Amino acid sequence: MSATLLRGRTLSFRDIPQSHDDEASYVYEEDGAVVVRDGLIAASGSYEQVRARFADADVVDHRPHLILPGFIDTHLHFPQAQVIGSFGTKLLDWLNTYTFVEEQKFADPTHCERMATHFFDNLLRNGTTTAVAYCSVHKASADAFFTEAERRNLRMVGGKVMMDRNAPDALCDTPQSAYDDSKDLIAAWHGRGRALYAISPRFAITSTPTQLEMAQALAAEHPECYLQTHLSENQAEIELTLELYQSARDYLDVYEMYGLLGEKSLFGHCLHLGGRERAAMAETGSVAVFCPTSNLFLGSGLFDEDGLREHGVRTAIATDIGGGTSYSMLKTLDEAYKVLQLKNQVLNPLKSFFMMTLGNARALQLDHQIGTLEEGSEADLVVLNSQATAAMSLRMETVRTLSEELFVLQTMADDRAIADVYAAGKARHPDISDR
Ligand code: GUN
Ligand code: ZN
């Protein structure tokens, strides 16, 4: 198949940046090129060298824009597109008042299909090419999610939520039906094309002990799948969890008792963990997922990025739509910076861009497939315009370094800065319908 050469300023990370001027942590080409062929990156580097190797390739000139690996969002909710910006409550009331009402609509496959179109349009519009999503309790919601992702050839992770109590009847499955539906979905979707499955007990409050046993059985039978749930987001949630699971030493222990910790386990929020919980997370290689816009919006608390990392806990970053308020990973990192300011921690811009690309790919153990511009990686790319708005253009007049430019993008940009998006080598921006 013919190759396409994308020309622009290319940026790809090698490792976690230790400071705002850690040049060893990334590869940047002022006049760079990425060659895509058969959905993969066939080469990347300086335009001159790459062009010499691929003299026949068609050229798409993205200069002066930046070309990066597509963004990765490690936690969000497919059925919550119409929950974003619901006023005035904290987690448990927010779930009952808004979220559980909205998620019931996903019993209707037509609604699922319509929402799936909007969901992936919004992700791509914001430069996100891989996401890890909770679907609703309905099997049809996961089918719609994976069907639409497959149609667009996107690397997506998802799973139907398992929930069998403390929610409206219409949103409750049973331990057995949750097991059976998850099992069917894994058989249908995991490893089909670019789809991957996440076993998804929603959280301890909405799962009975019997259902968590079923989640344990699924995880043991399918070590190739992810496991995702929520952990330690809000004080009232923690108290109720400990009332429901009285033998647990702490919140994490509920999941530990059912063997749900591990390197493919993603725990959303992790805001109020004790020392024992941190140690157990670190020991098992479990991932703590930072959801800054959600944590601020729901008044849940401030994530301790440095503290968790110092204790050896793996971390990732995510939007958590619809507790989160933006699909944009740029906006998410903007809020992450502010959360960490309040914790007296400094998130440097190189680390921000590492986190939404290679960092999140590593958290998913997908760093050989996505998250970099390295040869052999899947050709999921985002093209960024640092002068997308008048305010950005004016600010860019005084920018001198790459790090400064990234910080302006993170602080000032939104979807208007996403000039283009490629998924498996194909231009996929939803606003460019004919490409
Ligand atoms: N905990 C359990 N379910 C949810 C959810 O949908 N959103 C958030 N933010 N926390 C949760
Ligand atoms: Zn969530």
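We count ligands from 1, going down the list as the structure has it; atoms in each ligand are counted the same way. None of the values given here were measured: they were computed from a predicted structure.
Scored by the side-chain hydrogen bond (donor to acceptor under 3.5 Å, both in side chains) test, Asp250 finds Arg276 as partners (sequence neighbours excluded).
By the 3.5 Å distance cut-off applied to N or O atoms, Gln80 is counted among the residues near ligand 1. The shortest N/O to N/O separation between Trp94 and ligand 1 does not fall below 3.5 Å. Polar contact check, Arg202 against ligand 1: a nitrogen or oxygen pair lies under 3.5 Å apart.
Taking every heavy atom of Leu91 and a limit of under 4.0 angstrom, the matching atoms of ligand 1 come to 8 (C), 10 (N), 11 (C). Listed by number with element, the atoms of ligand 1 under 4.0 Å from a non-hydrogen atom of Phe203 are 1 (N), 2 (C). Within the listing of ligand 1, atoms 5 (C), 6 (O), 7 (N) sit less than 4.0 angstrom from a heavy atom of His77.
With a 4.0 Å heavy-atom cut-off, ligand 1 is reached by no atom of Thr206. The residue Glu237 has no part lying near ligand 1, judged by heavy-atom distances below 4.0 Å. The proximity of Ile205 to ligand 1, defined as any non-hydrogen pair under 4.0 Å, does not occur for either the backbone or the side chain.
Legend: salt bridge (charged side-chain N to carboxylate O under 4.0 Å, His left out) pairs involving residues 319-330, not counting sequence neighbours: none detected. For residues 160-172, the pairs satisfying salt bridge (charged side-chain N to carboxylate O under 4.0 Å, His left out) are Lys160-Asp173, with sequence neighbours left out.
Heavy atoms from other residues, nucleotides or ligands lying under 6.0 Å from NE2 of His111 number more than 12.
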Mind running side chain to side chain contact (heavy atoms under 4.5 Å, CB included) on Leu364 and Val132 for me, showing each step along the way? CA-CA 9 Å; Leu364 301 178; Val132 186; 3.8 Å; yes
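Look at Arg309 and Glu305 and you find a salt bridge, because one of the NZ, NE, NH1 or NH2 atoms lies within 4.0 Å of a carboxylate O, short of that distance. For the pair Glu378 and Arg194, the salt-bridge criterion is met [side-chain N within less than 4.0 Å of a carboxylate O].
Judged purely by atom type and a 3.5 angstrom limit, Ser328 has no side-chain atom pairing as donor or acceptor with the backbone of Asn126. Side-chain atoms of Ser12 do not come within 3.5 Å of backbone N or O of Val27 as any donor-acceptor pair.
The nearest protein atom to atom 1 (N) of ligand 1, hydrogens excluded, is given as His230 CG, 3.4 Å; this is a heavy-atom distance. Scanning all protein heavy atoms for the shortest distance to atom 10 (N) of ligand 1 gives Glu233 OE1, 2.7 Å.
Ring geometry for His77 against His230 counts as parallel: the plane angle stays under 30°, on a 0 to 90° scale with 60° as the upper cut.
Checking Phe290, Phe203, Tyr255 one by one against Phe267, the ring-ring contact (aromatic ring centres under 6.0 Å, His included) holds for a single residue, Tyr255.
Neighbouring protein atoms of the Zn ion (ligand 2) (N, O or S, distance under 2.8 Å, waters ignored): His75 NE2, His77 NE2, His230 NE2, Asp320 OD1.
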